[in-house]
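In this text the structure is predicted, and so the values were computed from the model without any measurement. Just so it is clear, the values below take in all heavy atoms, side chains as well, and ignore hydrogens, waters and symmetry mates.
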Protein chains: 2
Amino acid sequence: MKPHLTSINDIAKALNVSASTVSRALKDHPDISEATRNKIKEFAAKVNYRPNALALSLKKQVSNTIGIVVPELVHHFFSSIISGIEDIAYSKGYRVMICQSNEDFQREEINVQALLDHRVDGLLICMSKTTENFQHFISAYNNQVPMVFFDRVCKAIDTDKVITDDFNGARQITSFLIETGCKSILHLGTHPQLDIGQERLKGYMQALSDHHIVFDPDLVINCDTPKGVEEKKDHILSISRQIDGIFAVNDSTAIAAMHLLKENGYDIPNQISVAGFGDDPVANLVDPALTTVEQQGYQMGQEAMSLLQERLSDKENEIPPRTKIFQPALKKRNSTRLQFKN
Amino acid sequence: MKPHLTSINDIAKALNVSASTVSRALKDHPDISEATRNKIKEFAAKVNYRPNALALSLKKQVSNTIGIVVPELVHHFFSSIISGIEDIAYSKGYRVMICQSNEDFQREEINVQALLDHRVDGLLICMSKTTENFQHFISAYNNQVPMVFFDRVCKAIDTDKVITDDFNGARQITSFLIETGCKSILHLGTHPQLDIGQERLKGYMQALSDHHIVFDPDLVINCDTPKGVEEKKDHILSISRQIDGIFAVNDSTAIAAMHLLKENGYDIPNQISVAGFGDDPVANLVDPALTTVEQQGYQMGQEAMSLLQERLSDKENEIPPRTKIFQPALKKRNSTRLQFKN
DNA sequence: TATCAGATTGCAATCGATTGCGGCAATAAA
DNA sequence: TTTATTGCCGCAATCGATTGCAATCTGATA
């Protein structure tokens, strides 16, 4: 069951010429006579000849393929980033190989290694939540593999990065909660080792401080998935009587929390306002619609691929590492009070 | 900026042996003395040697890579299918290359061609909505490329297929609508050239017939996305007074329709019941939660990859084409009345 | 007729890894 | 001392495509 696709040698044999003549004829090399060229081109078209990309990559030492590692495709943010990457990649003549780490460090290591084994020209990476050892990245970096991190970046490596201004986004949305009347805001956060988690927490704290509200560490819970909300529902419910707002690190967690509260008789947003982060399309479909900040996944993907492409074209290696920061935009919806209330 | 990764020849030169000796030593060939073997293995480990997958694929004429073409990654159904595929693929030692057609025929053609150029061992395909010409599939099929279609299959090719029982799913959910009191059900359907669209329409019609309801062609609208609902909202609203139920071809369309009706003052489900297809996670998050049928994307992906893997191992080419049919399960939620009402 | 330029085409090496076969040495057997 | 055996390793071809250089042939010029 092995497919047999026509090679340049097959054509050469069939037409009684050498492989080099075929190769030259197909790319209009002036050395080849018109008669021979036409003969070869016609035959190639007839048998639907296509150059073997593996052989080409091996010979040219360039695969025109870039590798992507994302935590999970099922999240809209990541799949829209990938669309952004792909659209730029296609337009520049690159193919992409997509891998999921499933938020698992070992799978991430294997993925990076496999992509390097396939000699991708560069890497686009969003780290898994559980990655604390960066040796696989450092090793690739030391081997001169061009790489761009996006969203969850690796601080240990000085390369291109595309990120959201998580601090500012969190500060904005927390401020909005406070300005619409919230005085006691629960933060559902993510793993402390993730930069985005730290930044969003800092933004939350900064907003409190901006409004002279004392930070209460008991109002921060490590809980960043709907499953996490389910697991910690007793904790969340026990705390729910003393809060009037929730800022969750992402939309799905915010929505899960909102459902939990609704089920337990809370009026959203009048008793408790709920806000998320990311502006997943779901945010607009739930009831009440979720207030959140928009992360421009598609554009971030485009930017990441553009940075990588520039680096790949930079033969003299003179581009310094760059960091592109996307400003998230507040999306006011009905899961939070819209006006100031005292 | 080209990465330099160590090759077997680099090792050979460094240790003053031949490349063949290195190759044999690394795979414990008995011809190589223990001393030489250890020396080579130690050096290889030190420089972090990894075999070039391109060279291996070229030499062995097997890439251990399979190609996937899906319409769009952002849909949960497709990304969960991919997770199912990947998990099986990894466990069998295969890598995957994922392509999106964006529901565009030409992009699909390009994707298939690019995957074949990369000499994938097999293809896993879900056709785009706009594909009406199957030459790119037929050509691959004629070249003996093992392929499995899933969800949206290509009838023109006699190969493995993994599908949902769309007819039965549509019949079930339409029957449920009727049995809970609906007498006039609008169907929001997809392109007629898609099998899944035809089957779901047939299932809908069969359910009507089962319950002695006369089919009304005016109650079928070609509308299969939230955007489509927006575009046809006047049509839908003009028809809304004469209906008491909607069966949409997928969940996102059903939800969009539900929102449209809610905005226009309809009570869901008491005035109009709404049902979807697919059981996207969103279905459970909207209010009211959407009644739908569950399509087991992850399991379908696993099955598709398993079929392909069996075919790849079938050197004698004696496995006949198989079709696996997944039965969708009704998920009763609150967007439809739960009891019979007259 | 000898020589040369120009037009065509093939040879062979290369990319990285694999593998059948042959070669060389040391040791054992005759 | 000669022959055979065994252990260990390298040569060279191969996968598909590219490319510098050499080779061949034609027709033209001296």
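At a cut-off of 3.5 angstrom, the base of D/dG7 holds no donor-acceptor pair with the side chain of B/Arg24. No donor-acceptor contact under 3.5 Å links the side chain of B/Asp31 to the base of D/dC8. Residue side chain B/Thr36 does not reach the base of D/dC8 through any donor-acceptor N/O pair under 3.5 Å, judged by distance alone.
Here A/Val22 lies out of heavy-atom contact (under 4.0 Å) with every strand. Using a 4.0 Å heavy-atom criterion, one finds that B/Arg50 contacts the sugar-phosphate atoms exclusively.
For C/dT9, one of the phosphate oxygens OP1 or OP2 lies less than 4.0 angstrom from a side-chain nitrogen or oxygen of A/Ser33. Considering only side-chain N and O atoms, B/Gln61 lies nowhere under 4.0 angstrom from the phosphate OP1 or OP2 of D/dT14.
Side-chain proximity of B/Ile8 to C/dC15, D/dT18, C/dA17: nearest is C/dA17. Here the nucleotide nearest the side chain of A/Ile32, chosen from D/dC15, D/dG16, C/dT9, is C/dT9.
Between B/Arg119 atom CZ and D/dG16 atom C1' the separation is 9 Å, expressed in whole Å. The distance from atom CG of B/Leu54 to atom C1' of D/dC15 is 13 Å, rounded to the nearest whole Å. Between A/Lys27 atom NZ and D/dA17 atom C1' there is a gap of 8 Å when expressed in whole angstrom units. Protein atom CG of A/Asn9 is 11 Å distant from nucleotide atom P of D/dT18, rounded to whole Å. When rounded to the nearest whole Å, the span between CG of A/Leu56 and P of D/dC15 equals 17 Å. When rounded to the nearest whole Å, the span between CG of A/Leu58 and C1' of C/dT18 equals 13 Å. Atoms CG (B/Asp28) and P (D/dC9) sit 14 Å apart, rounded to a whole Å. In this structure, NZ of B/Lys13 is placed 14 Å from P of D/dG10, rounded to the nearest angstrom.
The nearest heavy atom of DNA chain C to A/Ser20 and to A/Pro30 marks one nucleotide each, and the one closer to the 5' end goes with A/Pro30. Nearest-nucleotide mapping onto DNA chain D: of B/Ala19 and A/Asp10, the residue sitting toward the 5' end is B/Ala19. Ranked by how close their nearest DNA chain D nucleotide is to the 5' end, B/Thr21 and B/Lys60 are led by B/Thr21.
A/Gln106 CD: 12 or fewer foreign heavy atoms inside a 6.0 Å radius.
For the pair A/Ser139 (side chain) and A/Gln135 (backbone), a donor-acceptor distance under 3.5 Å is absent.
The two atoms that bring A/Val162 and A/Glu303 nearest to each other are CG2-CG, 4.1 Å, heavy atoms only.
Aromatic ring orientation, B/Phe134 versus B/Phe137: parallel (interplanar angle below 30°, classes split at 30° and 60°).
Under the 4.0 Å criterion applied to side-chain N and carboxylate O atoms, B/Glu42 and B/Arg37 are not assigned as salt-bridge partners.
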